[in-house]
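For reference, the structure discussed in these notes is given below.
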Number of protein chains: 2
Amino acid sequence: MEKVTIATVARRAGVSRQTVSNVINTPDVVREETRERVREAITALGYRVNQAARQMRTGRSRLIAVRIEPARDGINGSVLDRFLHGLTDAAGLAGYRVMLYTADGDDAEIATYDELLSAYDLDAFVLTSTHHGDPRTSWLAARDVPFVTFGRPWGAPDTHSWVDIDNAAGTAAATEHLLAAGHRRIGFLGWPAGSGVGDARREGWHRVLGPWGPSAATVDGVEPGAAAASSLLRSDDPPTALVCASDSLALGALQAARETGRDCAVVGFDDTAVAGAIGLTSVSQPLAEAAARCMGLLGELLDGRAPSFPTTVLLPPSLVVRQTA
Amino acid sequence: MEKVTIATVARRAGVSRQTVSNVINTPDVVREETRERVREAITALGYRVNQAARQMRTGRSRLIAVRIEPARDGINGSVLDRFLHGLTDAAGLAGYRVMLYTADGDDAEIATYDELLSAYDLDAFVLTSTHHGDPRTSWLAARDVPFVTFGRPWGAPDTHSWVDIDNAAGTAAATEHLLAAGHRRIGFLGWPAGSGVGDARREGWHRVLGPWGPSAATVDGVEPGAAAASSLLRSDDPPTALVCASDSLALGALQAARETGRDCAVVGFDDTAVAGAIGLTSVSQPLAEAAARCMGLLGELLDGRAPSFPTTVLLPPSLVVRQTA
DNA sequence: TATCAGAATTTGATCGTTCAAGACCTAGAG
DNA sequence: CTCTAGGTCTTGAACGATCAAATTCTGATA
C-alpha cells in the first residue's frame with residue numbers, strides 16, 4: 001500500500017494539488033464537473049487528509065482535551081466518565097477527537113495546558129469540576145484559548161460559555177415527588193455549605209418545602225451519610241423522607257433507616273450504578289446531552305461563528321423513580 | 001508571546017537547528033558544553049517540540065488510541081473506565097498521549113482504525129474486550145500496526161502481546177477464603193459457558209473445590225442473579241456461600257439470601273463501586289497495573305526493543321474482604 | 001609540520017498540506 | 001476587436017521539524 005497524498009489524487013484526477021485541497025475545504029469554488037472527478041479519485045484511492053501536515057499549515061489540530069480524573073469516590077466518579085463517553089461521541093460527529101490528560105491540582109493542570117497547546121496545538125479544552133476561585137478559566141481566557149466548562153463559574157461572572165445541570169431543579173423535583181406521595185416531613189441530607197453544587201442541591205429542596213425542614217450536612221460517603229441520617233431519624237419529630245445530595249449519602253440513609261427501624265423514603269442524586277442496582281430512586285443528570293451541548297458551543301467558538309457574549313446552558317435533570325421513594 | 005521554534009533556540013544558543021534537534025533526540029552526539037548551552041536556551045525560551053512538524057518528518061505521532069465504550073451494564077462498565085485512567089497516567093509518563101474513539105461493533109472499529117491511522121498517524125492501539133474470533137487483532141497485525149490487548153486472545157494462538165487478569169486465580173482465592181472461614185458447601189453463580197472470562201472465573205472455583213459444587217449460570221444482572229441464586233438456595237442441600245462472576249450477580253445473590261431467609265456468604269467480582277458501598281467482599285482487578293504493563297509493552301514495540309516473540313502478562317487479582325464473606 | 005580519523009556541527013532537502021498570488025479562460029460590454 | 005470582470009485553476013512558498021550528506025574542528029600520529 002503506497003502512501004496516498006494530495007499529489008497522488010491530483011495526478012489521478014488530472015488537476016493540481018490546490019484544486020484537490022479546494023474540493024476538500026472550499027468545494028464551492030470548484031466547478032461541479034471537476035469537483036466530481038476529484039471526489040471520485042479521492043474515494044478510489046482511499047485518500048485521507050494528513051492531519052499533521054494540515055495542522056502545520058493551519059495551526060489547528062482538530063483535537064480537544066479533557067481531563068480524566070482518578071475516581072476519588074467510587075460511587076460518584078462515574079458521573080464524569082459518562083460525560084466523557086458523551087463528549088467523545090459528540091466530538092467525533094463534529095470531526096474532532098478527544099485527547100486525555102491527567103493533572104494533580106489546578107496548577108499542574110495549567111502547566112499541562114501550556115504543554116498541550118505548544119506541543120500538540122490543541123484546539124480547545126473542556127473543563128469539568130469547576131469550583132470557587134478556579135484559576136484555570138482565567139489562564140485560558142488570558143491566552144485566548146477556546147474552552148467551555150461543564151459546570152458554571154461558581155462565584156465568578158459569566159465571562160465564558162458553560163453548560164451545567166440545574167441541580168436545584170433536580171432536588172426540587174425530588175421533593176415534589178415526595179410531597180405528591182404524601183410525605184410531609186421531608187428532610188435533606190447534604191454536604192457542608194460552600195461547594196456550589198451542594199448548595200444548589202440544598203436550595204432546590206428548600207425552595208419547594210419552604211422555611212421548614214430537618215436537614216443535616218456532612219462530608220460525602222456512605223458512612224458519614226449513615227451517621228448523619230441516623231441522628232435525624234432518632235430526633236423527636238423524625239422525617240419520613242430524605243432528599244440526599246448524592247447516592248453515597250442516600251445509601252447511608254437507607255442503612256440508617258434499616259438500623260433504626262424507621263420507615264423512610266430516600267432519594268439520591270446522580271443516578272449512579274449503585275442506585276440502579278439497589279433500586280434507589282435518584283436524580284439523573286442528562287450527561288450525554290450536556291456533553292453534546294459543550295461540543296456544540298466549542299464548535300461555534302472554533303468556527304468563529306460564536307456570538308460575542310458567552311452562552312450559558314442550564315439543563316434540567318430528571319427523576320428516576322425506583323423502589324426507595 | 002512570539003512563537004518559539006527550533007530556529008529561535010538555535011539562534012539564541014548560537015548553533016544550528018540540527019544541533020538543537022540533536023540535543024533533544026540524541027544528546028550523546030553533542031559536546032557537553034554545547035549541550036548545556038542549548039538546554040539553557042530551551043528552558044529560557046520555554047521551547048517545546050512541535051509535534052505536528054516532528055510527526056510529518058518521522059511519521060510518529062506519540063499518540064495511542066483506546067476505545068471508550070458506552071457503559072452497557074452500569075455496574076461493570078466502570079472497570080474499563082478505571083483501566084482508562086491508569087492508561088492515561090502510564091502513557092503520560094512515557095511521553096505518549098491517549099486519544100479516544102467510539103465504535104459500534106468490530107467492523108466499525110476496524111474502519112475507525114483505518115481512519116485514525118491515515119489521518120492522525122496513530123502510533124499504536126490498545127484493545128479491550130477481546131473475544132472469541134476477534135477480527136480486530138488480525139487486521140492490525142496484517143498491517144504491522146503496533147498494538148497490545150488487555151484481555152488474552154481467546155481461542156487464538158498468542159501471536160501478539162497481551163496483558164490479562166488471572167480470573168481463575170481470583171475466584172480460586174475467593175473460594176479458599178470461604179473454605180478457611182469454615183464453609184463447605186460453596187456454590188458458584190456465573191454466566192453461560194462460552195465467554196472466555198466467565199469460563200475462567202468458573203474454573204478457578206472448580207479448581208479449588210474439586211468435582212463437587214452447586215452452581216448456576218445466567219446472564220449478567222441483578223435480577224437474573226437473584227433468580228438463579230434463589231433456586232440454588234431453595235434446593236435440598238443449599239450452599240452456605242456463593243462465589244459470583246460479577247458484582248451484579250453477587251448483589252442479586254444477596255437479595256435472594258435476604259428474601260429466602262437463608263444465611264449465605266457472597267463474594268463478587270470486579271470490586272466495583274457498588275461492592276464498596278454495600279460492603280460486598282469482591283475480587284479486585286489490578287487495573288492500574290494492567291494499564292501500566294500494557295503501556296510498557298507498547299513502549300517496547302514502539303522503540304523497536306521488543307523481543308521477536310510476543311510477551312504475555314497475567315496479573316493476579318486480590319480479594320477485598322468486607323462484610324459479606 | 002603535515003596527515004588523518006573521528007568527533008562535532010552545519011547545510012540543504014524533505015514530509016503533506018494550505019496560503020497567497022498569479023495565470024488562464026470565457027463571456028459580456030464598449 | 002479589445003478590454004475587463006469573474007470564475008476556475010495552477011504555481012511557488014511556507015509551516016517546523018528531522019534525515020542524509022557535507023563540512024569543520026580536534027587531537028593524535030608519523
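Letters go in sequence order (proteins before strands), and every chain restarts at 1.
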What is the distance, rounded to the nearest whole Å, between atom [atom1] of [X] and atom [atom2] of [N]?
X	N	atom1	atom2	value
B:Asn50	C:dC15	CG	P	18 Å
B:Arg62	D:dT18	CZ	C1'	14 Å
A:Asp121	D:dG16	CG	P	9 Å
A:Lys3	C:dC15	NZ	C1'	7 Å
A:Tyr120	D:dG16	OH	P	18 Å
A:Ile42	C:dG16	CD1	C1'	14 Å
A:Arg54	D:dA14	CZ	C1'	17 Å
A:Ile24	C:dC19	CD1	P	12 Å

Residue pair A:Asp81 / B:His85, side-chain heavy-atom distance below 4.5 Å:
yes

Note, A:Trp162 side chain near A:Leu314 side chain (heavy atom, < 4.5 Å)
yes

Distance check: side-chain N/O of B:Ser21 vs OP1/OP2 of D:dA17, anything under 4.0 Å?
no

Are the side chain of [X] and the backbone N or O of [Y] linked by a donor-acceptor pair below 3.5 Å?
X	Y	result
A:Arg57	A:Ala53	no
B:Asp121	B:Arg60	no
B:Thr149	B:Leu127	no

Geometric cation-pi criterion A:Arg67 and A:Tyr101, 6.0 Å radius, 45° cone:
no

Between protein and nucleotides 4-12 of chain C, map the contacts as a letter string: B base, S sugar-phosphate only, - none, heavy atoms under 4.0 Å, written 5' to 3'.
----SSBBB

